[in-house]
Amino acid sequence: MIVARLSPSSIRRLSVLGLAILLLPACRGDRVRLADRLEPGRRLEHELHLEARISRALAGRQQRQDVVATFRAAQQILAPLPDGGAEATFSLIPQSLEVNGQPVEVGPDQDFNVHLGPDGRVVAIEEAGGQPGEALGPLGIERLLPRLRPVLPGALVAPGDRWRSRTNFVDETGTFSLTTSSRLSELGLLDGREAALVRTTYRSPVDRRETFANAVAHMQGTDVGAQEAWFALDGSLLRSSGDSVGSYRVTFSPPGGEVGLAPVEGTLVVRLHTELRLISSPPAAPPA
């Protein structure tokens, strides 16, 4: 069993959202419906802030890298799906990037086509264009997408209620899965909007290949973490904050399969803090 061991500073940061906001009794009853709005054309934009500490061990050598990045994250619903979900696009537009305290080239935009389930969770990911820079490669941006937002029950729930979900992702580079356990912690007001605080823990086993600038890495391991998210009852994610630790065994091979170069074994540990904040949304609509 793998257990996330978060540092005291990470735990304090994860609690900021809950401590910084005065919770008020919700204007409606004790039970509320938590569900995403998946109408075609609906577009949300968030500011995404990442702080990562990446530790590598390769052939007896240790290397540590600190990465800080800010993106504008945009999601737009394209069309409904027969299962009640929706087809959507998700774009990450880099704003700034620092490696070990020094600014570096932010790299191109990254665009993904995603399928959302009826509960709003990401159930399939297809990269449409744009490759992450070398500094962001170890973060597994495509694996991060399903963890940026809480999984919602799509039903009436009351504070203290819990729900679970599991999603498997498979493509030509391998597999990963995401198992979550969520709880409606509080009802209150955030920025003048009725909202729900959802606390989630997750576990995400990984077995896939990641391509870097000078090597192909076969990664096997698990990412575990926790998140707090404020979700407006009208269907918009307002803010979230999360911390995670990913620990992997890695086999590095030459990118072109060059003869005579043996694979090299190593390890990779990624400690990641994320913050997401809504910056643009359509007019609020009353919840169903």
Side-chain angles (χ1 to χ4, degrees), residues 17 32-50 69-97 106-132 136 139 141-154 165 167 169 178 180 182 189-198 200 227-242 274-288:
L17 288 180
V32 295
R33 184 174 186 272
L34 288 183
D36 270 281
R37 292 171 55 193
L38 302 178
E39 304 97 329
R42 178 174 168 80
R43 180 181 174 88
L44 298 175
E45 291 192 3
H46 294 81
E47 180 184 79
L48 170 62
H49 182 73
L50 307 177
T70 301
F71 299 86
R72 191 168 81 252
Q75 175 186 283
Q76 183 160 355
I77 306 299
L78 299 180
L81 293 174
D83 65 356
E87 180 183 353
T89 59
F90 191 91
S91 300
L92 290 175
I93 301 95
Q95 305 296 296
S96 64
L97 176 62
V106 295
D109 297 354
Q110 293 175 254
D111 301 304
F112 300 86
N113 294 325
V114 301
H115 290 176
L116 303 177
D119 54 6
R121 64 190 166 114
V122 176
V123 296
I125 307 167
E126 177 185 346
E127 189 169 0
Q131 294 293 327
L136 296 173
L139 303 186
I141 293 295
E142 78 285 352
R143 289 185 280 108
L144 179 62
L145 296 183
R147 308 197 316 252
L148 288 177
R149 52 192 296 145
V151 174
L152 302 175
S165 75
T167 310
F169 300 86
L178 181 65
T180 67
S182 302
L189 296 177
L190 178 62
D191 298 332
R193 300 169 74 170
E194 292 183 329
L197 175 60
V198 177
T200 298
Q227 180 196 69
E228 289 186 347
W230 280 97
F231 197 87
L233 300 189
D234 61 32
S236 301
L237 176 62
L238 300 177
R239 295 185 193 176
S240 69
S241 176
T274 62
E275 295 179 4
L276 202 66
R277 178 178 63 88
L278 183 66
I279 56 177
S280 176
S281 67

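Bear in mind that the values here come from a model prediction, so they are computed numbers and not experimental data.
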Scanning both residues in full, the closest heavy-atom pair of A35 with F231 reads O-CE2, 3.7 Å
(request) Side-chain contact test, heavy atoms from C-beta onward, threshold under 4.5 Å: evaluate it for R121 versus L178 and give yes or no. (result) no
- Message: Run L144 and L50 through side chain to side chain contact (heavy atoms under 4.5 Å, CB included) and show every step you take.
- Response: CA-CA 11 Å; L144 179 62; L50 307 177; 4.0 Å; yes
**OP:** Decide yes or no for I125 and P146: does some side-chain heavy atom of the first lie under 4.5 Å from some side-chain heavy atom of the second?
**Re:** yes
From CA spacing to verdict: side chain to side chain contact (heavy atoms under 4.5 Å, CB included), L48, L92 = CA-CA 9 Å; L48 170 62; L92 290 175; 4.0 Å; yes
Quiz prompt | Pair V122-L116, side chain to side chain contact (heavy atoms under 4.5 Å, CB included): steps then yes or no | solution = CA-CA 5 Å; V122 176; L116 303 177; 3.9 Å; yes
R149 and G120 have their tightest heavy-atom pair at NE-O, 3.4 Å
Closest heavy-atom pair, E45 versus A74, reported as atoms and distance to 0.1 Å, is CG-CB, 3.9 Å
One should read off an interatomic distance between L278 CG and W230 CH2, to the nearest 0.5 angstrom, of 15.0 Å
**Report entry** Contact check, side chains of N113 and T89, non-hydrogen atoms, under 4.5 Å
**Finding:** yes
Check your understanding: Do S236 and L44 have side chains that get closer than 4.5 Å, going by heavy atoms?
Key -> yes
If we ignore hydrogens and angles and just use 3.5 Å, is the side chain of Q227 paired with the main-chain N or O of S240 as donor and acceptor? no
With sequence neighbours left out, the residues meeting side-chain contact (heavy atoms from CB on, under 4.5 Å) with D83 are L81, P118
Looking only at heavy atoms, the pair that brings E275 and S241 closest together is CG-OG, 4.3 Å
Are any non-hydrogen side-chain atoms of I77 and E39 less than 4.5 angstrom apart? no
Separation between NE2 (H49) and OG (S96), nearest 0.5 Å, reads 8.0 Å
Shortest non-hydrogen pair, G84 vs L38, comes out as O-CD1, 4.0 Å
Output for pair (L276 CG, F71 CZ), nearest 0.5 Å, gives 12.0 Å
Residues P94 and D109: closest non-hydrogen pair is CD-OD1, 3.3 Å
Output for pair (R42 CZ, Q76 CD), nearest 0.5 Å, gives 11.5 Å
Query raised in the report: Is there a side-chain contact between L238 and D191 (heavy atoms, below 4.5 Å)?
Result: no
Rounding to 0.5 Å, atoms NE2 (H115) and CG (L78) come to a distance of 9.0 Å
Check: L233 and L34 side chains under 4.5 Å, non-hydrogen atoms
yes
To the nearest 0.5 Å, atom OG1 of T274 lies from atom CG of L139 at 11.0 Å
TODO: Ignoring hydrogens and angles, tell me if any N or O in the side chain of Q95 forms a donor-acceptor pair with the backbone of I93 under 3.5 Å.
DONE: yes
Discussion item. Just so I know, are the side chains of F112 and I141 near enough to count as touching, which here means a heavy-atom distance under 4.5 Å?
Written reply: yes
